[in-house]
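Below you'll find the structure, written out as structure tokens, and then a few comments.
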Amino acid sequence: MSFSFSQENSIKIASLLNRYPHKKALILPLLWFAQKQESYISEDAIGHISEFLDVPYMHIYSVVTFYTMFRLTKPQKRVIEVCATLSCELNGSEDIKAYLDENYSKDFEVIEVECMGACSGAPMCAIDGKYHENLTTKTIDEVLK
Amino acid sequence: MKILIDNAEVECKEGDLLIEVMLKNALEIPHFCYQEDLGADGNCRMCMVEIKGQKRPQIACNTFVKENLEVSTISENIKEVKRSILELELLNHPVDCAICDQAGECKLQDYYMDFGLYDSHLSTPKTKKGKHIDLGSNVMLDQERCVLCTRCVRFTSNITKTNELGIIGRGDNSRVAVAPGHELNNPYAMNVVELCPVGALTSKDFRFKQRVWFLDSTKSICHGCSRGCNIYIDYNETKYSAEKVHRFRARRNNKINKSFLCDYGRLSYKELNENFNADVSHVKDLKELLKDEKKLALVSPSMSLQQLQAVKSFCKDNSVELFSLPYIDENFGDEWLKTNDMSANFNGVKELGINYDEDEFGVSLQEAHVVINFDHKYLKNRELKSKKVVHFTTSHVDSDYELIFVIADFAHDSGTIINCDGIRQDFYATKYESQNSRLVDILEELK
Ligand code: SF4
Ligand code: SF4
Ligand code: FES
Ligand code: FES
């Protein structure tokens with residue numbers, strides 16, 4: 001069950017490679033690619049990135065555990081990421097999270113994440129990575145039903 | 001150049017690291033993350049000092065001394081700073097010194113007694129982390145006792161370059177760990193136990209066996225290979241048991257092992273506890289055997305110069321042909337401390353001009369009638385048919401012999417050995433008499 005980057009990701013990585021003085025700088029982008037590709041970061045992916053960047057396995061693993069947005073286990077359901085950072089919080093993200101938990105947690109894994117850079121549409125969430133902004137309980141139902 | 005530390009003049013050079021100046025002059029400076037061989041990391045903030053002319057306290061491990069520097073480590077202000085830092089260090093610490101193996105040699109405990117002594121301000125429960133995690137290589141981790149100084153991590157990343165350890169998570173959830181499915185596994189792994197300033201890393205081999213304040217220490221040299229790493233033998237004699245060696249600890253020698261040991265050498269203390277009692281033979285029986293014409297002796301290349309010299313004179317006086325052979329293991333040595341020559345004093349053998357030609361030894365062995373083995377490993381368990389074998393030994397002998405003399409081991413017979421780089425080093429006996437005679441004394445009796 002070995003890991004390798006998809007062709008599409010490999011092209012992106014190749015173009016990133018000469019952007020920084022040291023390969024080590026690519027740890028985060030590569031982890032993102034790996035997570036997007038497999039929906040989580042597998043041990044094999046860590047091993048592959050470690051070899052590719054010539055950075056010790058433990059170091060990559062440390063980085064993965066430092067950031068809350070990386071996951072080490074495969075999601076069992078579809079994922080809804082609810083932003084819980086300032087703008088979204090002020091615009092009611094807590095209620096959105098509670099509503100999702102109550103009504104959709106059977107079919108979805110609802111998690112809180114940090115700002116996704118869509119503050120102008122707060123409160124927002126991402127379903128399977130796709131952004132949904134200016135959420136209300138009504139728009140949630142519309143999207144999910 | 002001179003600087004002022006707590007109003008006393010201290011000699012140093014411009015650009016020296018303040019913490020090193022203080023440690024060299026035996027001045028108290030609390031520190032967790034700085035370690036002589038790992039260098040400074042600046043993460044623990046325990047080494048804060050006050051510097052005249054600077055608004056905020058500075059860390060001594062990142063301050064380079066210059067002319068007219070005035071340092072205070074004892075002002076009320078700096079004590080308060082240390083108290084606050086300790087409070088943060090201990091925020092999630094279980095304070096279980098009573099059952100912790102590090103108690104008595106724990107920096108956190110020491111500093112708490114000096115600067116801490118506050119009531120906990122914590123209103124929320126302490127963060128729970130992993131207890132007794134087996135990292136591998138005899139090393140046990142208690143994540144709750146860790147102060148995150150990263151000494152252990154830096155040891156595996158900068159010194160052994162094996163990178164097994166790291167810090168995972170963040171904030172008050174940060175902890176030392178190995179990656180899942182991986183373990184701490186390198187021939188020097190147990191050094192992290194000694195490096196750890198607190199009771200987070202303990203040795204499976206030592207934990208729960210002894211309280212450190214019941215141990216005596218003696219300065220010695222590891223006899224595991226020709227590197228001759230400097231050690232302390234930690235031992236004691238308790239009411240209900242005979243003297244026992246409990247561990248070897250690294251003793252600093254910047255020319256040889258710095259503050260490290262290999263695990264093989266560290267654990268080789270066990271040989272010193274092998275109690276071996278045989279019916280010791282009489283010296284007069286040996287005198288009788290010495291009348292034979294064809295006599296050969298093989299002496300261990302791990303014996304001290306004093307022992308080798310005595311053996312050499314004995315052989316000369318009694319016309320015994322003397323050899324020594326090194327203990328070579330091609331798989332033992334590495335690029336760092338371990339050497340393929342696993343004898344402690346082969347350079348001593350050479351210095352005394354003792355014959356170590358293996359072929360000549362083979363030929364002589366065939367012809368000899370009497371073979372005297374001075375604690376050489378190769379002859380201990382080898383049957384020599386139709387020869388009269390005499391053993392002077394520190395450990396159990398499995399083969400047939402004619403006579404046997406049990407002699408004191410290197411923990412009970414001080415001496416000098418020469419390491420692989422020609423460095424001459426003394427080691428000392430523990431304070432307890434051995435039940436066994438010293439080799440030199442037996443040979444004296446034979447004169
Ligand atoms: S386990 Fe010990 S050496 Fe390692 S970071 Fe924690 S306190 Fe420091
Ligand atoms: S390197 Fe050799 S002398 Fe040093 S601790 Fe290991 S066995 Fe002993
Ligand atoms: S705060 Fe929610 S997207 Fe920025
Ligand atoms: S010893 Fe200076 S910050 Fe840790």
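In what follows, chains carry the letters A, B, and so on, assigned in the order in which the sequence lines appear, proteins first and then strands, with residues in each chain numbered from 1.
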| query | Between B/Asp205 and B/Arg266, is there a side-chain N and carboxylate O pair less than 4.0 Å apart? | reply | no

| said: Do A/Asn9 and A/Gln37 pair up side chain to side chain, a donor and an acceptor below 3.5 Å, judged on atom types alone? | reply: yes

| query | Among residues 54-80 of chain A, which ones touch chain B with a heavy-atom distance under 4.5 Å? | reply | A/Pro56, A/Tyr57, A/Met58, A/Tyr61, A/Ser62, A/Thr65, A/Phe66, A/Tyr67, A/Thr68

| field | Test side chain to side chain contact (heavy atoms under 4.5 Å, CB included) applied to B/Asp329 - qualifying residues, sequence neighbours left out | value | B/Asn331, B/Phe332, B/Met342

| field | Geometric cation-pi criterion, A/Lys36 with A/Trp32: 6.0 Å, 45° | value | yes

| message | Can you tell me which portion of B/Val153 sits under 4.5 Å from chain A's heavy atoms? Options are side chain, backbone, both or neither. | response | neither

| query | Have B/Thr127 and B/Asp172 got a donor and an acceptor in their side chains that come within less than 3.5 Å? | reply | yes

| remark: Between the SG atom in B/Cys149 and the CG atom in B/Asn43, the distance rounded to the nearest 0.5 Å is 6.5 Å

